[in-house]
Structures are given as C-alpha cells and as structure tokens.
Amino acid sequence: MEIFIQNIFNALQWGSFYALIALGYTLVYGVLLLINFAHGDIFMVGAYIAFFVATFLLGNYGVIAPGTLSGLTILMLAVPLTMILTSLVGVTLERIAYRPLRNKGAHRLYVVITALMCGLILENGNLALLGASRKKFPELLQNTVWTFGTISVTNLKVLVIFTAIAVFLFLQFVVTRTKTGMAMRAISFDKFAIPLMGIPINNIIVFTFILGSGFAGLAGLLFAMSYPILEPYMGALIGWKAFIAAVVGGIGDIRGAFLGGFLLAFVEIGVVAVFPSTLRDLMAFSVLLIILWWKPTGLFGIAKTTKI
Amino acid sequence: MQKHSFKLLLILSAAGLVAASHFQMVDQYITTVIMLMGINIILSTSLNVVNGYMGEFSCGHAGFMCVGAYVSSVLSVMLFTSNRIFGPPLLSADLSLFLFPAVILAGGLAAALTGLIVALPSFKTRGDYLAIITIAANYMIISGIENLDVIGGPRGFQGMKRVVNAMGDRLDIPWMPIWVIVGTVFCVWVIRRFVSATYGKGIIAICQDEVAAEIMSVNTNKMKVAAFMLSSGLAGIAGGLFAHVYGYVNPQSFNILKSTECLVMVYLGGMGSLSGSVLSAVLFTLLIEALRFIIPELNALAHHLHLIPDSYEIGQVWKWVIIPLILILTMQFRSEGLMGHRELSDFFPFLKRFYRMRQAD
C-alpha cells in the first residue's frame, strides 16, 4: 500500500513534467497545426538557462551579490528569468525559422522538418559548445520530507505537481476565457479570415510561442531541481514522449495534453512497478497506440469531416 | 543502341567498382563509403515513396530498417554458420552464395509486414497521426529487440561477417559490394516502375487530393497500405545489407537519429523526385565523410588564426550542427529541395535520349 501511494506520487511528478511539455506542443499545434519538434530541446535549453541563471548570475559564482542570496530568493528570481529567457529562444526560432517559411506559403511539412532540424541544432550545438561533461544543478530548495503516517513526500514533488496544475488552470483560462485565447483558437479554424477580422495574426502566434516555451523553461527548471544532472540530450526522449502524450490526449486541446501527460506517466510507473524496467518504453507505447486505435483523434479530439 | 546506353553505363560502372575493389585498387575505406552510399540511396528513395510521393509524414524509417537487419542477420547466421545460440548450420555454407539474396529479401518481407501492422491503424486517422505512430513504432521496435536477450539484447548481434567470409571462401570476389549494388539498383528500379505505373500513380493522386482521388476510383486505403509496405520493405532490405556490410548490429544504431538522417536525405533531394533522392543520398554520404576530414582542418585553421580560445577544440559534434543548418537553409531558400517533384531529365532534357521511355509516360 505504501509503495502503491509512493508510486502514485512518482507518477504525478513525472506526469507533471510530461504535461508541462505537452502543453507547449499542443498550444503551438492548436494554433499553427505545426508539430514543433524543437519543443523537447527548448525544454533542455530551459534547464540549461536555469542552471546558468542559478549558478553564474545569482548563485555562489554569480555576478549579483555572490553567496549572499538564500536558495529561496534565487529560486524566486530564477523562475521568471528562466521563463523569459527560454521564451526568447522559442520566439527566436519562430521568428527566424518558421515565420519566413509561413510567409512564403511553403508546404506544412517543410516547416515541420525545419523544426526537427532546429531541435537537432539546439542539442548538438549545446554539446559542441559546452562539452559532454554533465552539469550539476545547485540545490536551491532545502529538501524537506513531509511524512503522513507511513507515506513520505518531498516538498519538491508537491511543488512540481502544484505548478503543473496551476499552469494548466492558467492556460485553460487564457485559451477559453480571454480574447487572445479566442484569437488563438480562431487562427487554427480559418487562417485566411482572421486578418480580415482585424486580428494581428503574427502577434498572436508569437504570444503562443511565448506561452509554450516559457512553460517549457519552467519545466526545465523544475526538472533540473528534481534530477540535478543536466546533459544535452535530456530533452530528446522526454520531448518525443510528451508529444505522444499530447496526441493521445487529443492534440490541440489543453485538457488533452494535461491528461495525456499524466496518463503516460501512470502507465510508465505502473509498468516499472510490475514488470522489469527495460519493458517500460515498449509497454507504455503499446498502451498509447491501443488508445489511439480505439479513439483515433485522442481522448479530447474532435473528428473533423473532410469537406470537398 | 543509344536507348540502352544508360543500362550499359550502369553495368560497366558497377563492374568497374567491383573490379577495383577486387584488385585492391581502392582501399577498404572507399569501398565501405560506396556501400554506405548504396544503402543510403535505398533508404532515401524508399522513404520518398511515403513522404514525397504520397505526402504523408513518416518519421520512423529506421525502425523498419532495424527489423530487416535483425531478421536477415539472424536468418543468415542460423542457416549458414555454426553459432553458440543456434547450434550448427542448418544448411551447407555452399548454399549461402545462392540463398543470400533470399535471406535479405526475407528481412525485407518481415519489415513490410511490420509496416502493415503500423499502417493499418494509422491510416484510419488524419494527417499527422502517422508521424506519431511511426515514432512510437520506432521506439517500440528498438525497445522490443533490446528485451530479446536471445539475440543479444542491447549488446547487439554479430556473426554476419562469417557468412560473408563463407561466400568469399567459395568464390573469391568482393560479395558485399556486389550485393549492395544489386540491391540498390533493384530498389530504385522497383520504385521507378511503381510510381510511373498507372497503379502507382494513385499515390501521387492521394498526395494531391485524397477525396478527389477516391472519387476517381483510387482505392485510397489500399494504395496507402501498399505504398507504406513497399517503403518499409525496401528499408528492411537496406537494413539487411547494412548489417552484413558491418557484420554487427545494435538496436541503438537504428534510433530516431537514423530516421532523421533518412528524412534529411528525402527533403534535401526533394519530395517526389527519385533522381533527387539518389543525388541527395550520394551528396549526404559524401558530406558526412568529407566533414570527418574538414572539421580537424577547420579546427587547425581557427587555432592558427586565433579565432577561438586555445582551450576549445572544434570536434566532430559540429557535424550534426552543420547538417541541420544546411537543411534549414535549403528549406528557407529552396523549399522544394534540390529538385522537388521533378526528375533529372526535366532539368536536362537531352538525358531522355539515353534511356527508354515507357509507353505509359
């Protein structure tokens, strides 16, 4: 029983990471119908930015008051800084790689392949510039273990889970309740009618990328705090998996991405708890494919009819 | 005579290559690069059937290659050599000369069947879902093989070199270059016949407009499955050849990076262009091998000019920054690739004189 509840907490924590990344995939897909394959690597860049911010800007080696700031202060400052810097990376990609192609009216697949290549450049460029040595993320938060009876949970885990839920609620609010969100949904509905309605299409797209990459950066920071070893390829596998989670949830839908992320994590942790851990990827992907077979458009997806 | 000059040229150059490799006129390295080029040609042309001609987005091509590589390696090791796992050879090693193509084709067949399993659920859904299902299939295949401890699991599988050597013992000619050339020509020929036949034109129709194609009596579901099976089957053949060229396979050498390599070749050459795919596969292989030598030179030059600090070395990692950058620039300035939707003979019409045009064209 204790192990069971412990596993549920682990699954919730992993699910939070998947959900935070999957939300970025789904936002961009929901607006542009573009699979932003670079998103997993933006998550990795986010973790590295968090590392540099926490170590060389604010921490012991920092330029601002080295060694005097407490861990909590650094964390409070690092969260907005990381999010802003990471969203700058995302917007830069959009600006220099995706938008010229979109303006030329290139085939959608060309943009997808460009995104895939941008991801490769991010991870290998990082490896080339910073070297293969793994980075150790500083401990910002005093690790406290809260014990309820026989169940123990760290404060970091709770922080991660609550952050994911808060981000989900925030994004759900933005997309469904605000004017900007309405414009975002409208762009995917009809790209040609939208400028006629006086909606600045490029600003909305940039805003989407800011949201998606910013929360990928937040996920990177939280991931680096939970698993404090950074390496350039850390974003690749988790990014692909989050993308699959987003599709299973029904890509383009905020609730779908959130639920899909947690579903994937629960399946993975469940498999590891019962079977040998080497079977994790195989079984998890099989379960997801069975779900896709049963509901081809994902859990929250709406089947579109093709008009002639 | 002029009509057959292309075939003659092909046969002569293939014979020249084999002879050069047999009489040690070119070293082992160049032979291996040429064989790799052939395998890359198979990979890029076969992926072009799905991603180019059909306009879908499959990004797990290496998974099918993996199936082909493992099935044909296990078969050839089991049939022709004595092995710790499978015991004595089931057939005499003399037969390896004749049965080797059958073994490679069996690998291709297994890959095609895997392709069928992947294709059936994915074509019920719309566009981008094929991308995800093929990625997941790629991961599942690798993960599945890593869990099969009988054939080595994550440590990989070897023993194919002895099969190749056994063929060499019977008749001392360089067998692997011959089989790679035969396989490459076979694959390009099959794809050319397929896409220029009336039946295969159906997949081009699907790319243009699926609904209209269906109204025009193209059985779209069947066409999609046929094209996908063809594509994955040929990838399996490429995998079988790859395994026998190196004599060792490892599941991780067929991971998503290998699939990305295939995608790079297809989009560099141009969607829906067979000669573009061949050209880009050749260029891509040459580029990869050239960068191996260029990067140290660049490093020395940069150090000489004091452009970079002494502590920093430009390593081989930059290869995988330069190649994506080339593709991004291609996409920006020439989105359709080297020759999108056109063949070499469309650029240079005089080439048409050198091969026989089919009546249907």
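Proteins get letters first, then strands, A, B, ... in listed order; numbering begins at 1 in each.
Under 3.5 Å, the side chains of B:H61 and B:T134 contain no donor-acceptor pair of N or O atoms.
The residue among A:V248, A:D281, A:L279, A:L122 with the most heavy atom pairs within less than 4.5 Å of chain B is A:L279. Among B:M331, B:Q316, B:E336, the residue with the largest count of heavy-atom pairs under 4.5 Å with chain A is B:M331. Across A:L109, A:L127, A:L116, A:L237, the residue that shares the most heavy-atom pairs under 4.5 angstrom with chain B is A:L109. Per-residue counts of heavy-atom pairs under 4.5 Å with chain A were compared for B:G337, B:A212, B:P324; the largest is that of B:P324. Comparing A:A236, A:A284, A:A128 by how many heavy-atom pairs each has under 4.5 Å with chain B, the most go to A:A128. Chain B forms more heavy-atom pairs under 4.5 Å with one residue of A:G125, A:P100, A:S286 than with any other, namely A:S286.
Contacts of B:L325 with chain A are made by both backbone and side-chain atoms, with heavy-atom separations under 4.5 Å. In this structure, the portions of A:I244 lying under 4.5 Å from any heavy atom of chain B include both its backbone and its side chain. Interface remark: A:V111 contributes no atoms to any contact with chain B (heavy atom separation under 4.5 Å). If you measure heavy-atom distances from A:K241 to chain B, you find no contacts under 4.5 Å at all. When heavy atoms are compared at a cutoff of 4.5 Å, B:L257 approaches chain A solely by way of its side chain, counted from C-beta outward. Looking at A:L288, neither its backbone nor its side chain comes within 4.5 Å of chain B, counting heavy atoms on both sides. When heavy atoms are compared at a cutoff of 4.5 Å, B:E210 does not approach chain A at all. At a 4.5 Å heavy-atom cutoff, the contact between A:L282 and chain B is made by backbone and side-chain atoms alike. Residue contact with chain B, scored on non-hydrogen atoms closer than 4.5 Å, involves the backbone and the side chain of A:A97 alike. With a threshold of 4.5 angstrom between heavy atoms, A:I96 approaches chain B through N, CA, C or O but not through any side-chain atom. Only the side chain of B:I256 comes within less than 4.5 Å of a heavy atom in chain A; its backbone stays farther off. Only the side chain of A:L289 comes within contact range of chain B, with at least one heavy atom under 4.5 Å from a heavy atom of that chain.
A ring-centre distance under 6.0 Å is found for A:Y98 and A:F209. Side-chain rings of A:F258 and A:F262 approach one another, their centers coming within less than 6.0 Å. Between A:F37 and A:F243, a ring centre-to-centre spacing shorter than 6.0 Å is recorded.
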| request: Take B:R155 and B:E146 through the salt bridge (Lys or Arg N to Asp or Glu O under 4.0 Å) test and state the conclusion after the steps. | output: CA-CA 8 Å; B:R155 295 182 304 283; B:E146 278 185 344; over 6 Å; no

| request: Carefully, step by step, assess A:N202 and A:R99 under the rule side-chain contact (heavy atoms from CB on, under 4.5 Å). | output: CA-CA 9 Å; A:N202 278 332; A:R99 193 186 288 180; 3.7 Å; yes

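Residues forming a ring-ring contact (aromatic ring centres under 6.0 Å, His included) with A:Y18 (at least two apart in sequence, or on another chain): A:W14.
Salt-bridge check for A:R102 with A:E94: passed, with a basic side-chain N closer than 4.0 Å to an acidic carboxylate O.
From B:S335, atom OG reaches atom CZ of B:F333 across 10.0 Å, with rounding to the nearest 0.5 Å. Going from atom CG of B:N138 over to atom OG of B:S143 covers 11.0 Å, rounded to the nearest 0.5 Å.
Considering A:I238, A:N124, A:D41 in turn, A:N124 is the only one that fulfils the side-chain contact (heavy atoms from CB on, under 4.5 Å) rule with A:Y233.
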